[in-house]
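Note sheet for the following structure.
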Amino acid sequence: MAKLIYSMLTSLDGYAEAAEGDLGTGAGDQEVHTFINDLFRPVGTYLYGRRMYETMVYWETAHTEPDQPPHIVQYARDWQAAEKIVHSTTLESVSSAKTRVERSFDPDAVRRLKSEADHDLTVDGPNLAAQAVAAGLVDEYHLFITTSVVGGGKRFFPDGVRLDLELVEERAFGSGLIYARYRTR
């Protein structure tokens, strides 16, 4: 059975999306990006909300831009190889291969995906992930923590959910970014 992984960049104060501005620095350097490439290369399916999909669809054509460094081209190729499921009531069409739209988030359908998949899945975006967390579907949490405190926005972990997690891996990068991987107990 595959794992469902929730992973996002998060501010030091726990926000996956800042109310104003960005989440700070640290994720854009080659060391971090190469680590992310290696970590998520085995993922077989990405579960997205509309807004996260609209951000990530950049990777459908990123490799065609001139002078892209090898780590960017590699991430684009890996992203293109995976299946994408976009959960949206408003998205009319998709602009990437291996992508389909689901009109609602169905926890039972995700359970079936996990049980039938040969490769891990990710859930991306704080709104969609909150539904997966609340349904008890997430097996691992991968946090990429910046050095910024942003003071508000959308939290990485949804309110009203208690989780007791086990830290299984951590790494600090030269940029100041910290990676922490937790699994459910």
Problem set entry | Sequence-distant partners of S95, side chain to side chain contact (heavy atoms under 4.5 Å, CB included), two or more places apart |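 Checked S95 against side chain to side chain contact (heavy atoms under 4.5 Å, CB included); matches are Y53, V57.
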Working to the nearest 0.5 angstrom, can you tell me the gap between [X] [atom1] and [Y] [atom2]?
{"X": "Y15", "Y": "S148", "atom1": "OH", "atom2": "OG", "answer": "14.0 Å"}
{"X": "I145", "Y": "S11", "atom1": "CD1", "atom2": "OG", "answer": "9.5 Å"}
{"X": "Q74", "Y": "D38", "atom1": "CD", "atom2": "CG", "answer": "8.5 Å"}

Problem set entry | Test side-chain contact (heavy atoms from CB on, under 4.5 Å) applied to W79 and S96, step by step | CA-CA 10 Å; W79 188 85; S96 57; 3.9 Å; yes
Exercise. Can you tell me if OH on Y182 sees more than 12 non-hydrogen neighbours from other groups inside 6.0 Å?
Worked result: no
What salt bridge (Lys or Arg N to Asp or Glu O under 4.0 Å) pairs are there with at least one residue in [range], not counting sequence neighbours?
{"range": "residues 50-64", "value": "E17-R51, R50-E54"}
{"range": "residues 100-109", "value": "R100-E102, D108-R111"}
{"range": "residues 75-85", "value": "R41-D78"}
{"range": "residues 163-173", "value": "E31-R171, R162-D164, E166-R183, E169-R181"}

Pair [X]-[Y], side-chain donor/acceptor within less than 3.5 Å:
{"X": "Q80", "Y": "H63", "answer": "yes"}
{"X": "H33", "Y": "D29", "answer": "no"}
{"X": "T184", "Y": "D139", "answer": "no"}

Problem set entry | Contacts of type ring pair (Phe, Tyr, Trp, His ring centres under 6.0 Å), residue H119, not counting sequence neighbours |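 H119: no ring pair (Phe, Tyr, Trp, His ring centres under 6.0 Å) contacts found.
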Exercise. Under the ring pair (Phe, Tyr, Trp, His ring centres under 6.0 Å) test, which residues partner H142, sequence neighbours left out?
Worked result: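 Scan of H142 (ring pair (Phe, Tyr, Trp, His ring centres under 6.0 Å), adjacent residues dropped) gives F40, Y179.
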Just by modelled atom types, is the [Y] backbone N or O under 3.5 Å from a matching donor or acceptor in the [X] side chain?
{"X": "Y6", "Y": "F156", "answer": "yes"}
{"X": "T99", "Y": "A97", "answer": "yes"}
{"X": "D13", "Y": "V150", "answer": "yes"}

With sequence neighbours left out, what residues match [X] under salt bridge (Lys or Arg N to Asp or Glu O under 4.0 Å)?
{"X": "R185", "answer": "none"}
{"X": "D159", "answer": "R155"}
{"X": "K3", "answer": "D120, E140"}

For this session: Report the C-alpha separation of Y141 and L163 in whole Å, then their side-chain angles, then the decisive distance to 0.1 Å, and conclude whether the side-chain contact (heavy atoms from CB on, under 4.5 Å) test is met.
Result: CA-CA 11 Å; Y141 298 85; L163 300 167; 3.4 Å; yes
For this session: Only pairs at least two apart or in different chains count here, so list each ring-ring contact (aromatic ring centres under 6.0 Å, His included) that has a residue in residues 87-109.
Result: H87-F105
Is any side-chain heavy atom of [X] less than 4.5 Å from a side-chain heavy atom of [Y]?
{"X": "L121", "Y": "L113", "value": "yes"}
{"X": "I178", "Y": "F173", "value": "no"}
{"X": "V138", "Y": "I5", "value": "no"}
{"X": "F144", "Y": "M8", "value": "no"}
{"X": "P107", "Y": "V110", "value": "no"}

Group every Ile, Leu, Val, Met, Phe, Trp and Tyr by side-chain heavy-atom contacts under 4.5 Å, then state whether [X] and [Y] land in the same group.
{"X": "L23", "Y": "V149", "result": "yes"}
{"X": "L143", "Y": "V168", "result": "no"}
{"X": "I85", "Y": "Y58", "result": "yes"}

Donor-acceptor pairs under 3.5 angstrom involving side-chain atoms of residues 124-133: please list them, not counting sequence neighbours.
residue, atom, partner, partner atom, Å
D124, OD2, T122, OG1, 2.6

Exercise. Any idea which heavy atoms bring A18 and D22 closest together, and the distance?
Worked result: CB-O, 3.7 Å
Exercise. What are the two closest non-hydrogen atoms of V32 and S175, and how far apart are they?
Worked result: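 V32 and S175 have their closest heavy atoms at CG2-OG, 4.0 Å.
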Problem set entry | Intermediate values then yes/no, side-chain contact (heavy atoms from CB on, under 4.5 Å), L9 and T146 | CA-CA 7 Å; L9 189 67; T146 70; 3.5 Å; yes
Problem set entry | side-chain contact (heavy atoms from CB on, under 4.5 Å) evaluation trace for V86 with L47 | CA-CA 6 Å; V86 184; L47 307 179; over 6 Å; no
